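Notes follow once the structure below has been shown.
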Amino acid sequence: MAVFALIDGNSFYASCEMAFNPSVRERPVVVLSNNDGCIVAANAKAKALDQQLIGAQGRSLGSGGYYAATPQSMMYQPYFKVANLLQQHNTAVFSSNYELYADMSQRMHRIIGQFSPHQEIYSIDESFLELSTLPIEDFTHYARELKRRVWKWIGIPVAVGIAPTKTLAKLANHLAKQHAKMEGVLDWTSLSESTRILLLKQVKVGKVWGIGKKLSQKLEAQNIRTAYDLHQASPKSIRRTFSVQVERIVAELNGQACLALNETHADKQNIVSSRSFGRLVSDLDSLKQAVATYTATAAEKLRQQQCVCGRVSVMITTPRFQTQELQYRNVYQIPLITPSDNSALLSKVAIQALQQIWRPEFRYQKAAVILSTIRPKGVVQEDLFTPQANASIKSDALIQVMDQLNHRMGKNTLRLANCGLQRQANWKMKRDHMSPRCTTRWNELLSVRAVH
DNA sequence: TCTGGGGTCCTAGGACCC
DNA sequence: TCTGGGGTCCTAGGACCC
């Protein structure tokens, strides 16, 4: 029987900030999404503050917000709505520092990987391990050692759930964080049947991995309210009224593994690069720069996985929450006759797509570039009739040099001129509360002063 | 003034093939 | 007059995830 462990970093982004900034550890800490838009992470103190304010005011910090994950939480609420309140409570606020989080993530996954030869890196802050082939007597003890090592080496607290299926491992991980006495570790395989039932009944059906807002509403309408109810449901009727996915979840909750460990990450099938602008943008030139920049970012990822794409799409949109603005949203796709990974070519195509949908009368808030129909580079059918085969070989060589240089000298050392030359163009995103990228930039290293 | 970004899988329906 | 059956591939849209 398989044994899966799910390990995730607690409030990962907030923990990364606290790891390098001891002065904020005793304060509530929140981290904002790109463009300082929403709250996407909060440390324990900030979560406690949220609960306290809900209690005091009978409403959450961000009640009424569109993004509310649950009506009671400030998570995913627009920052501007709660900025004052957070400030009153001495909250440390950080803009997203993805360079830092990505680097910390790599370090964390590497340490976790020392605990099993079988690891699936599932997200920036989550890993699955498969443990059944290892001579482990006590999983709880093993997990505690893992937790201790990650904390000691990089200062990130993690929780561990262990179970015979991935879905149960996720559930155990969730419970491990809910119950203080578990100290962040729960081994489902060691529990008695009656304890399992007790715990399954504590978990709302919407908290089960794979059950989102829509499904939980439908399930609740059928009186399936907890993980226990779902695990008791008949797979056949679930399949009929819902889908194979939900049927699989029922099986997984019953200890029957349907989801395997994916140790090798598959090539991406779509690559998206999109950003909201720091300010609303109307002029075509700025939009062209933004679209060229996003295309360059996406194309670099495409080349990293040694693929080419067969289609480029561009989307632009006005600010959907600002009802006083004239609203407009459009997408344009251009198929490529010869699939490509060349930034120069792809950005030319992307700009053509942009010109198809740009209208001068609107003020835009966001643009996106989507590369799709992605295939491995070697196996692509060349177009016999493309006249500039030679030119394209030269251009590809140039792009290769650009990638190598940027890898060695740092991101954006060399870039295409159509991405714009100003450091602070009006379309670039807002990041008013950025912490230093202290693990990846020499000039942003942490300085430590000894106090005698 | 101020509301994120990047993915996956499944399903239904249409085009096309033999 | 009578208009099948089985299959693939592609796409858009919906739901989910972090």
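Only a predicted model underlies this, so the values are computations on that prediction, with no experimental measurement involved. Order of the sequence lines fixes the chain letters, A, B, ..., with proteins taken first and strands second; residue numbering starts at 1 for each chain. Only this structure's heavy atoms are used, side chains among them; waters, hydrogens and symmetry mates stay out.
Per the geometry, CG belonging to A:L32 stands 12 Å off P belonging to B:dT3, to the nearest Å. Between the CG atom of A:N35 and the C1' atom of B:dG5 there is a distance of 11 Å, given to the nearest Å. If you measure from atom CD of A:Q77 to atom P of B:dC2, you get 18 Å, rounded to the nearest angstrom. Between the C1' atom of B:dG7 and the CD1 atom of A:I374 lies a distance of 11 Å, rounded to the nearest Å. In this structure, the OH atom of A:Y98 is 9 Å from the C1' atom of B:dG6, given to the nearest Å. Between A:L86 atom CG and B:dT3 atom P the separation is 17 Å, expressed in whole Å. The separation between A:Q324 atom CD and B:dT3 atom C1' is 13 Å, rounded to whole Å. If you take CZ of A:F80 and C1' of B:dC2, they are 5 Å apart, rounded to a whole angstrom.
Counting non-hydrogen atoms under 4.0 angstrom, A:S273 reaches the backbone sugars and phosphates but no base. No engagement by A:R431 is indicated, since no non-hydrogen atom pair under 4.0 Å with the nucleic acid exists. Among the heavy atoms of the strands lying under 4.0 Å from A:I271 are primed sugar atoms or P, OP1, OP2 only; no base atom is included.
Remark on DNA chain B: of its neighbouring residues A:V272 and A:R239, the 5'-side contact belongs to A:V272, judged by nearest-heavy-atom nucleotide. Annotation: of the two residues near DNA chain B, A:A266 and A:Y79, the 5′-most nearest-nucleotide partner is A:Y79.
Using a cut-off of 4.0 Å between Lys/Arg side-chain N and Asp/Glu carboxylate O, A:E126 and A:K170 are scored as salt-bridged. Salt bridge annotation for A:R431-A:D36: absent, with no cationic side-chain nitrogen under 4.0 angstrom from a carboxylate oxygen. A salt bridge links A:R441 with A:E99: the closest approach of a Lys/Arg side-chain nitrogen to an acidic carboxylate oxygen falls below 4.0 angstrom. The pair A:E183-A:K147 fails the salt-bridge criterion, with no side-chain N (NZ, NE, NH1 or NH2) lying under 4.0 Å from an Asp/Glu carboxylate O.
Ring planes of A:W209 and A:Y122: perpendicular class, angle over 60° (limits at 30 and 60°).
Put simply, A:S274 has a side-chain N or O that comes within less than 4.0 Å of OP1 or OP2 on B:dG6. Phosphate contact (OP1/OP2 of B:dG7, side-chain N/O of A:K301, threshold under 4.0 Å): present. Checking the phosphate oxygens (OP1, OP2) of B:dG4, no side-chain nitrogen or oxygen of A:S96 falls inside 4.0 Å. The shortest distance between the side-chain N/O atoms of A:Q322 and the OP1/OP2 oxygens of B:dC2 is below 4.0 Å. The phosphate of B:dT3 has OP1 or OP2 within less than 4.0 Å of a side-chain N or O from A:Q365.
Shown are A:R415, A:R303, A:E300; of these, the side chain to side chain donor-acceptor pair (under 3.5 Å) with A:S343 is made only by A:R303.
The cationic group of A:K166 lies under 6.0 Å from the six-membered ring centre of A:F128 and within 45° of the ring axis, placing it in a cation-pi geometry.
Proximity note for A:K366 (side chain, C-beta onward) versus B:dG5, B:dG4, B:dC2: the nearest is B:dG5.
The partner of B:dC18 is C:dG5, judged by Watson-Crick or G-U wobble contacts that both fall below 3.5 Å.
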Heavy-atom protein contacts under 4.0 Å, nucleotides 8-18 of chain C, coded B base, S sugar-phosphate only, - none | ---SS--SSSS

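Two residues are said to be in side-chain contact when any heavy atoms from C-beta on lie closer than 4.5 Å; A:D267 and A:R375 fail this criterion.
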